[in-house]
> 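Below you will find the structure I want to go over with you.
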Amino acid sequence: MRISKRGQVTIPKELRDRFGMHPNVEVEMLVADGGLLIRKRAGADHPIDRVFGILKRKKHRGLPIEDADAYIAEIRGR
């Protein structure tokens, strides 16, 4: 591998797939044993994980929202 003029490095596809480094995954670079370690950022999570269960946690007009269709009907006044 070579570093480009802009400091970019291409991680081989086999390694990206193996370690789940898909587009927009945040990584961090650490100094380790005289070299660099590239790994997924500890706080990085999948967008679905951030919203999983949100309908059961939220309330609308004081009522718990457990069904997306019922919630949409409620906010649309149906």
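As a basis for the values below, the full set of heavy atoms in this structure was taken, side chains included, without hydrogen atoms, waters or symmetry mates.
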> With a 6.0 Å cut-off (strictly less than), is the heavy-atom count around CG of Leu36, excluding the residue itself, greater than 12?
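Yes, CG of Leu36 has more than 12 neighbouring heavy atoms, counting only those of other groups under 6.0 Å.
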
> Provide the closest heavy-atom pair for Val25 versus Gly20 in the form atom of the first, atom of the second, distance.
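Heavy atoms of Val25 and Gly20 come nearest at CG2-O, 3.8 Å.
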
> Would Leu15 and Met29 show up in the same hydrophobic cluster when neighbours are defined by side-chain heavy atoms closer than 4.5 Å?
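Yes: a chain of side-chain contacts under 4.5 Å links Leu15 to Met29.
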
> Count I, L, V, M, F, W, Y as connected when their side-chain heavy atoms are under 4.5 Å apart, and connections chain through other members. Are Met1 and Ile11 then in the same cluster?
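No, because Met1 and Ile11 fall into different hydrophobic clusters, even though each may have its own neighbours under 4.5 Å.
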
> Are the charged groups of Glu26 and Lys40 less than 4.0 angstrom apart, N to O?
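The answer is no: the pair does not qualify as a salt bridge.
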
> For a 4.5 angstrom cut-off between non-hydrogen side-chain atoms, does Arg39 reach Leu30?
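Yes; the side chains approach each other to less than 4.5 Å.
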
> Of the non-hydrogen atoms in Ile38 and Met21, which two are nearest, and what is the gap between them?
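Between these two residues, the closest heavy atoms are O-CE, 4.2 Å.
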
> Taking atom CD of Glu14 as the centre, does the number of heavy atoms from other residues, nucleotides or ligands within less than 6.0 Å exceed 12?
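For Glu14, atom CD is not crowded (no more than 12 foreign heavy atoms under 6.0 Å).
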
> OG1/Thr10 to CZ/Arg16 distance, rounded to the nearest 0.5 angstrom?
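Answer rounded to 0.5 Å: 7.5 Å.
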
